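Per chain, numbering begins at 1; letters A, B, ... match sequence-line order. Predicted model, so just to flag it, every value in this text is computed and none were measured.
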Amino acid sequence: MNWLIDFFGDAANWSGPDGIPLRVLEHLVFAGLSLLLAVVLAVPLGLWIGHTGKGAVLVVLSANAARALPTLGLLVLVVLLMGVGTIAPVLIPLVALAVPPILVNTYEGIRGVDPELRDAAYGMGLRGRQVLGGVLVPVALPLILLGMRTAAIQVVATATVAAYVGLGGLGRYIIDGLATKDYPRAIGGAVLVAALALAVQGLFALVQRISVSPGVSGRQRIR
Amino acid sequence: MITFDGVTKRYPDGTVAVDDLSLEVPTGEITVFVGPSGCGKTTSLRMINRMIDPSGGRILLDGVDVTTIDPPTLRRGIGYVIQQAGLFPHRKIVDNVATVPYLLGWDKKKARARAMELLERVGLDLRLAERYPFQLSGGQQQRVGVARALAADPPVLLMDEPFSAVDPIVRASLQEELLRLQAELNKTIVFVTHDIDEAIKLGDRVAVLRVGGRLAQLADPATLLAEPADDFVREFLGRDRGIRRLSFVPGDGLRLRGDLTVPVSAEVSSVRGTAEAWLVVVGDDGGPLGWIAPKDLPDSGTLAEVPAAPYGTFVRGRDSLRSALDAALLSPSGNAVAVDGSGRVVGVATREALDEALARVADGARG
Ligand SMILES: Nc1ncnc2c1ncn2[C@@H]1O[C@H](COP(=O)(O)OP(=O)(O)O)[C@@H](O)[C@H]1O
Ligand SMILES: [Mg+2]
């Protein structure tokens, strides 16, 4: 506990370029940008293959294979190819990390909707897009959000690798702390990452509450 | 009117689900497709709203080949009810019912008002309107399914085993409700079921299909029961066919006796001498109170003090011969009490009268 007080209690750690607020912000920028890119890539693709059933096996197989990619290895590779200087090298492995859970869950969510329901929607005269947007997505939303939450937590935890290639973020504390045997700093960094992951979890719980229909989540409303 | 003109459906795997089906579904009537599982009922039904397209032949809706109409447009004009209701779980009941009006671009207020009207029509408590489907029982969901199909007032309604998944009591009430609605709305309804009793109860006409989607017989229920076209239909109709036929024979033809009634205010002494084995006691309001046997009466007092035996009634001019027979079997006298629409006794159908009527039915079956 003392170590934590040493780190968090030191006023010098709360300001300047190596201060906690800036490091947290950097970390959130890496994680947030990667997640955003992954969502933009994986959600439409997942919706499309879930709805049409086209290329499903191929996409899901490759998504699962991508999960096996070592993030750090990929990072090193990208840096070797692109050099350092921008944040692009760190975004690529993080996006690669975030895409599979979002893609697979979106696909599974859409495909898993009760065929009777899909059938009823067409039978009422909805067009393909209306079936997807008006029925399948709202019903599959809990699973889609679960995929995003899994991805978000992984990305927040893994964005520490940015420090390996000279970028900021909370990984700085961990790497620098370990390098200089400043253990309070390393542990403080790890604690901050964990706290951020928890905050992300809370944020998603909130989004889920707001966006998922009570008729789907089964939350009983007494009236 | 819906016309099947030599319709065939062969699935990609080679299964011939419907084979050269030709029949007409008249406007404003309930036509039931009935037959064993897998005989092509669902396939036939779904070709009407183009959920499936035929591989041969044509289906005409008021003379227009349905395959020339864009499927979503076609479907918005045809109500569709399926077995598990298929309600949208994320939408409130009222919005589920308003689905097609919304699609047709009605404004939200008008669509919701229409939905509320329909919920009432199908006998649902309006407080359910703001609930979600999972908060309703199976029977309630099925009613919502019917309301949703009716929302945009389509002239045609397709129903695929809509009541098969609910328990028998709820099923019976849903069937009654459908008949009541149909009496008001006069839709052209195609109703699919594997249950012959349901078919006979609901159908103005019943199409019996055999496996392979071939039409075995198309007839009104009374004719179907009286004159099954072949052994397949006879077997499918099952046991009790003779008794069930009586449901379609009006009770009007029964000879009634008016001399077997006695007012409740009569003195015992005035009836004891009668030769009849049983008399029906009539209350001051004209309704029946029960049967008495004159030879078992006490010595004095009025009939009001005499315990009467149970009785059964049928409404003359409305009930069938089957109801009359049922009424007779409910009383120890073996006679049925005939009443008018307001429950006043109009006479008694004796065993002899029932016997004559049954003999006439049996004669009809011979010819
Ligand atoms: N999509 C399909 N592909 C292949 N065969 C099918 C398909 N749908 C139905 N069938 C077959 O067609 C026949 C008729 O099916 P269906 O119309 O569902 O019958 P029913 O509704 O009378 O039970 C059955 O043998 C069934 O297995
Ligand atoms: Mg079927």
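Distance alone, capped at 3.5 Å, is enough to place a donor-acceptor pair between the B/R76 side chain and the A/G125 backbone. Using a distance-only test at 3.5 Å, with no hydrogens or angles considered, no donor-acceptor pair links the side chain of B/H194 to the main chain of B/K41.
Tested against B/V144 for a side-chain contact (heavy atoms from CB on, under 4.5 Å), the candidates B/V122, B/V94, B/V97 yield a single pass: B/V97.
If you measure heavy-atom distances from B/L104 to chain A, you find no contacts under 4.5 Å at all. Neither the backbone nor the side chain of B/R50 comes within contact range of chain A; no heavy atoms are under 4.5 Å apart. Within the 4.5 angstrom heavy-atom criterion, atoms from both the backbone and the side chain of A/D119 approach chain B. Neither the backbone nor the side chain of A/L141 comes within contact range of chain B, judged by heavy atoms closer than 4.5 Å. With a threshold of 4.5 angstrom between heavy atoms, B/P133 does not approach chain A through any atom at all.
If you check the side chains of B/T3 and B/D5, you find no donor sitting under 3.5 Å from an acceptor.
Of all residues spanning residues 56-73 of chain B, those with a heavy atom less than 4.5 Å away from chain A's heavy atoms are B/D70, B/P72, B/T73, arranged by number.
Separation of atoms CG (B/L174) and CG (B/L181) is listed at 10.5 Å; rounding is to 0.5 Å. Once rounded to the nearest 0.5 Å, the distance linking OG of B/S173 with CD of B/Q142 reads 11.5 Å.
Residues that satisfy the side chain to side chain contact (heavy atoms under 4.5 Å, CB included) test with B/D95, not counting sequence neighbours, are B/R91, B/K92, B/Y102, B/R112.
Between A/Y122 and B/Y80, the distance from one ring center to the other does not fall under 6.0 angstrom.
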